[in-house]
Protein chains: 2
Amino acid sequence: MNDSVNILIIEDEEDINHLLCNIIRTNGYTPKPAYSGTEAIIYIESQKWDMVLLDLMLPGLSGEEILKKISKESSVPVIIISAKLETQTKIDALRAGADDYITKPFDIEEVSARIDSCLRRYRHMPDVSITNQIHHKDLVLDTDTKMAIVNGNELNLTAREYKILFLLMSSPKKVFTKANLFESVWHEDFYGDDNTINVHMSNLRSKLSKANPNEAYIETIWGMGYRLKS
Amino acid sequence: MNDSVNILIIEDEEDINHLLCNIIRTNGYTPKPAYSGTEAIIYIESQKWDMVLLDLMLPGLSGEEILKKISKESSVPVIIISAKLETQTKIDALRAGADDYITKPFDIEEVSARIDSCLRRYRHMPDVSITNQIHHKDLVLDTDTKMAIVNGNELNLTAREYKILFLLMSSPKKVFTKANLFESVWHEDFYGDDNTINVHMSNLRSKLSKANPNEAYIETIWGMGYRLKS
DNA sequence: GGTTTTCTTAAGATTTATCTTAAGACTTTT
DNA sequence: AAAAGTCTTAAGATAAATCTTAAGAAAACC
């Protein structure tokens, strides 16, 4: 029962925190969001954690301070997630006890992979990641083969298509705006041409519906964006 | 290499697999989890094992089939762990080459004791032979001689090339990203120069295609990585 | 110490995915 | 019914990833 893997997420931006929670849940672990440094401290002191994801830019108590506190008091692995991409910041963080450092905007699969690999290192676990498939209704995304499986048909996806679908499936109920997509799939803060996304969505949909014409897997939310159809 | 005792655990339920891993680790041996019959076969063919723990109820390739395969090809001791408690099933398993039979839910200490005693019995007898080759189509990788065999031609591989090919062949359908390769082949978390991998792939491919110009064994998945061509 | 093998780096060539554009059809909202 | 947002197509342009080659660096071997 209590062999669940608990991961604390310290990140003040709600959107990003939720996204990280979903990634972690998808990977089979148990996420706990904290939205400020002071909130985080309470959680840190109240129970043991298997891992901490920490944003450096926090209101109030800074990420650096939290990092110091954590590494002084425990040996829990910490992955920094930060918009600061200066090498020096990175080095400082790693010196201060961080185990890995990911810059924003991040690739969700990379985050996923690094969490796995960090956990593996810590627990001396064998090199088999716990889950390599994401399921949603009869749609399966295989993160090993990078294929979608619909109706038993294996579909080859391009890198972009795969990443879009991965994102949608990682948060099944969430509506992803085009800005969200540009950030998570393209890793760009600025917004590209909306039509770029239209076209990719169209291509992705047509691959999926070729495998199962009776079902629409991706839903358009008018004026908002896209989500997985539930 | 080392004199660790390697035990393969074939069990699809994650919780139980992890538990068995822990027991084995506690006893001073090295566990390797396999979560399906097909995965197990790969490991069985890829190296020598000191023992196999096998669940009879597996998705896909059944436990009985695996047991037959193992006992046909090698003399590695096999302990069955199963929820089936009919006497007939038990007898059948023992006839088919199993060395011991434990019913679920099991007593941790009992499992531990039986593993020890079974190993003690076997230690003196050398394992006659589990195959030391991995096959994929007409490509064979010999884990003893570290050579690839294509079309009957034995190819000398460098250490890197061997490791890359071994990795690809260990999961025939999986797409390996460059990050995967750096981690598994170079044992580096940070990502080196992509081009290093390009060049090694190129060299490996040219060796393979020199032996068989008609076949491409390694496939590039644009924007994602490489995989064995199936 | 010299020779051989293997690894890495770099630069140019090539291939492929992706982007852009645009126009007409469709859907939803007002 | 009109307007705004979205879908689909396709073709050409662009950007990015990859391949290949060769040469120098590093390591291993003799």
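Just so we're on the same page: letters track the sequence lines, and every chain starts at 1.
Base engagement by H200(B) is indicated by at least one non-hydrogen atom pair under 4.0 Å involving a base atom.
To the nearest 0.5 Å, atoms CG (N27(A)) and CD1 (I115(A)) are separated by 6.5 Å. Here the straight-line distance linking atom NZ of K210(B) with atom CG of L208(B) works out to 11.0 Å at 0.5 Å rounding.
Place A159(A) and K207(B) on DNA chain C by their nearest nucleotides, and K207(B) ends up nearer the 5' end. Each of Y226(A) and T220(B) lies near DNA chain D, and the nucleotide nearest Y226(A) is the one positioned closer to the 5' end. Ranked by how close their nearest DNA chain D nucleotide is to the 5' end, G225(A) and V199(A) are led by G225(A).
One interatomic measurement links the two molecules: CG of N203(A) to C1' of dT20(C), which rounds to 13 Å at whole-angstrom precision. Whole-Å rounding puts the M224(A) CE to dT6(D) C1' distance at 15 Å. One atom, CZ of F182(B), and another, C1' of dC7(C), lie 12 Å apart when rounded to the nearest Å. In this entry the distance linking CD of E161(B) with P of dT5(C) reads 14 Å, nearest Å. Atom CZ in R205(A) sits roughly 12 Å away from atom P in dT9(D) (whole-Å rounding). In this structure, CG of L204(B) is placed 11 Å from P of dC7(C), rounded to the nearest angstrom. Distance CH2 (W186(A)) to C1' (dT18(C)): 9 Å, rounded to an integer number of Å. Atom C1' of nucleotide dA15(D) and atom CH2 of W222(B) are separated by 13 Å, given to the nearest angstrom.
Side-chain atoms of M147(A) and L155(A), non-hydrogen and from C-beta on, never get closer than 4.5 Å to each other. Looking at V5(B) and I7(B), their side chains come closer than 4.5 Å, going by heavy atoms from C-beta outward.
Remark: the N195(B) side chain and the dA10(C) base include a donor-acceptor N/O pair separated by less than 3.5 Å.
End-to-end axis angle of the helix from dG1(C)-dC30(D) to dT30(C)-dA1(D), using five pairs per end and rounding to 10°, comes to 50°.
Side chain of N195(A) to backbone of N198(A): no donor-acceptor contact under 3.5 angstrom is found. The main-chain N or O of E13(A) is found under 3.5 Å from a side-chain atom of E11(A) such that the two form a donor-acceptor pair.
Using a 4.0 Å cut-off, some side-chain N or O of K178(B) falls inside it from OP1 or OP2 of dT18(D). Taking 4.0 angstrom as the limit, T196(A) places none of its side-chain polar atoms (N or O) nearer than this to OP1 or OP2 of dC19(C).
Distance from the side chain of T158(A) is smallest to dA17(C) among dC7(D), dT9(C), dA17(C).
Judged by a 6.0 Å distance limit and a 45° cone about the ring axis, K178(A) is not positioned over the six-membered ring of F176(A).
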